[in-house]
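Taking it in order: structure first as structure tokens, then the write-up.
Count residues from 1 along the sequence.
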Amino acid sequence: MNKRITEAFEKGKAFIPFITCGDPSLEVTEQLVYAMEEAGADLIELGIPFSDPTAEGPVIQRANVRALSGGVTTDKVFDMVVQIRKNSSVPMVFMTYANVVFSYGTERFIKTAAEIGMDGLILPDVPFEEKEEFDSVCKKHGIDLISLIAPTSHERVAQIAKDAEGFVYCVSSLGVTGTRTNITTDIGAMVKLVKQAKDIPCAVGFGISTPEQAKKMAAQSDGVIVGSAIVKLCAQYGRDCVPYVKEYVKSMKDAVMEA
């Protein structure tokens, strides 16, 4: 279990923002990490852009396209993390797709991620049955491979949870990422199933965009993950997005702490 990830959940309910690296630029992404940490983010998810991000809705898909057309590569993202780690020890995990890791070389990708100070990895397109080829390498290098559970995987929840590292990413709604007006999944029940199998933090993501939703979800879990709403601000304000994202993250962290 990665020490920094464990610590992210020890101070109370965690707020976990997601941003796409390189949208609008890698320089701005670096500034966003510092601003979000200052605003109270407990752990930050960095998306490595991929041309076919299957779990993502239109907002994050477009961010991926913008980042890739701006010339973002895995190596450039790694270089940015090296810079960030000179100034910050905020817990960070990569979220990307199996193909990105595989084409870079699984061993080389995970070893490098660990060396530059990343704490975990989320691969939403890798099913539980196929995680071993990544998981064994992650364990070797001290990186937590974060497991996702969806509202459908009822009987699989225990199985996935038993094997989980870092925290469990509870997907709050079916379909792709994006903001939802209301979340109908019984998150409390999902979290309970996980905790019966293993004492591990559960963070809820997919569809959360307002402080009200964040507070409600945090009340039933250990943390809240927000991506699309933040990526939308990056798209809207471009290079001037940092103060807007900072303000939004602060309001969400405040809401989570009230839960």
Side-chain angles (χ1 to χ4, degrees), residues 1-18 41-48 54-55 90-98 100-102 106 109-110 113-114 118-174 177 183 185-208 217-227 256:
M1 203 75 108
N2 183 287
K3 188 167 164 286
R4 262 196 298 239
I5 291 183
T6 309
E7 284 168 0
F9 291 92
E10 279 172 350
K11 309 187 291 276
K13 308 279 183 178
F15 180 68
I16 303 172
F18 165 92
D42 299 284
L43 185 151
I44 294 171
E45 280 184 27
L46 295 176
I48 298 181
T54 43
V90 68
M92 293 193 296
V93 302
F94 278 138
M95 176 154 176
T96 191
Y97 288 82
V100 171
V101 178
F102 196 68
T106 303
F109 181 100
I110 292 165
M118 291 301 290
D119 303 297
L121 178 62
I122 304 172
L123 298 171
D125 60 338
V126 175
F128 177 71
E129 290 73 17
E130 288 162 35
K131 73 176 250 197
E132 183 43 45
E133 62 174 304
F134 298 101
D135 202 30
S136 54
V137 187
C138 282
K139 283 194 169 79
K140 181 170 130 189
H141 294 291
I143 288 255
D144 286 342
L145 183 62
I146 309 295
S147 300
L148 289 91
I149 56 169
T152 48
S153 44
H154 219 88
E155 63 294 332
R156 299 177 68 207
V157 169
Q159 192 187 4
I160 293 171
K162 259 203 287 281
D163 214 33
E165 295 290 340
F167 67 93
V168 172
Y169 190 136
C170 300
V171 177
S172 68
S173 32
L174 294 175
T177 57
I183 293 164
T185 308
D186 187 349
I187 295 298
M190 218 161 152
V191 170
K192 202 169 152 199
L193 283 169
V194 171
K195 303 274 190 189
Q196 280 165 359
K198 189 174 191 173
D199 182 20
I200 188 168
C202 293
V204 187
F206 278 48
I208 300 163
M217 290 297 139
Q220 305 172 62
S221 68
D222 303 302
V224 169
I225 301 165
V226 174
V256 164

side-chain contact (heavy atoms from CB on, under 4.5 Å) between Asn2 and Ile143, worked out | CA-CA 6 Å; Asn2 183 287; Ile143 288 255; over 6 Å; no
Partners meeting salt bridge (charged side-chain N to carboxylate O under 4.0 Å, His left out) with Glu129 (sequence neighbours left out) | Arg156
Identify every side-chain donor-acceptor pair in residues 219-226 under 3.5 Å, counting partners at least two apart or on other chains, and give the distances.
unit_1: Gln220; atom_1: OE1; unit_2: Gly188; atom_2: N; d: 3.1
unit_1: Gln220; atom_1: NE2; unit_2: Lys216; atom_2: O; d: 3.2
unit_1: Ser221; atom_1: OG; unit_2: Met217; atom_2: O; d: 2.9
unit_1: Ser221; atom_1: OG; unit_2: Gly223; atom_2: N; d: 3.4
unit_1: Ser221; atom_1: OG; unit_2: Gly223; atom_2: O; d: 3.1
unit_1: Asp222; atom_1: OD2; unit_2: Lys195; atom_2: NZ; d: 2.6
unit_1: Asp222; atom_1: OD2; unit_2: Cys202; atom_2: N; d: 2.7

Where Ser147 and Lys131 come nearest, the two heavy atoms and their spacing | OG-NZ, 3.5 Å
Considering residues, nucleotides and ligands other than Lys192, do more than 12 of their heavy atoms fall under 6.0 Å from its NZ?
-> no
Can you tell if the side chain of Phe109 reaches within under 4.5 Å of the side chain of Ile48, non-hydrogen atoms only?
-> yes
Closest heavy-atom pair and its distance - Asp186, Ala189 | OD1-N, 3.1 Å
What residues, two or more places apart in sequence or in another chain, satisfy ring-ring contact (aromatic ring centres under 6.0 Å, His included) together with Tyr97?
-> Phe50
State which residues pass salt bridge (charged side-chain N to carboxylate O under 4.0 Å, His left out) with Lys140; sequence neighbours excluded, sorted by chain then number.
-> Glu107
Can you establish whether the number of heavy atoms outside Lys11 located under 6.0 Å from its atom NZ is more than 12?
-> yes
Measure across Pro17 and Leu43 and return the closest heavy-atom pair with its distance rounded to 0.1 Å.
-> CD-O, 3.1 Å
Exam field: side chain Asp119 to backbone Ile5, donor-acceptor pair closer than 3.5 Å | no
Residues that Asp144 engages under salt bridge (charged side-chain N to carboxylate O under 4.0 Å, His left out), provided they are two or more places apart = none
Rounded to the nearest 0.5 Å, what separation is found between the CG atom of Asp135 and the CZ atom of Phe128?
-> 9.0 Å
Of Thr106, Leu121, Ile146, Leu123, the residue whose pairing with Cys138 passes side-chain contact (heavy atoms from CB on, under 4.5 Å) | Leu121
Could you tell me whether the side chain of Leu46 reaches within less than 4.5 Å of the side chain of Met118, counting heavy atoms only?
-> yes
Side-chain heavy atoms of Tyr169 within contact of Phe206, under 4.5 Å = yes
Applying ring-ring contact (aromatic ring centres under 6.0 Å, His included), name anything that partners Phe9, two or more places apart in sequence or on another chain.
-> Phe167
Looking only at heavy atoms, what is the nearest atom pair of Val126 and Ala98, with distance?
-> CG2-CB, 3.6 Å
Check Pro91 against Arg4 and note the closest heavy-atom contact, atom names and distance.
-> CG-O, 3.4 Å
Asp42 to Phe15 - nearest heavy-atom pair and separation = OD2-N, 2.8 Å
Nearest-0.5 Å distance, CD1 of residue Ile149 to CD of residue Gln159 = 12.5 Å
Using modelled atom types only, decide if a donor and an acceptor are shared between the side chain of Thr96 and the backbone of Gly47 within a distance under 3.5 Å.
-> no
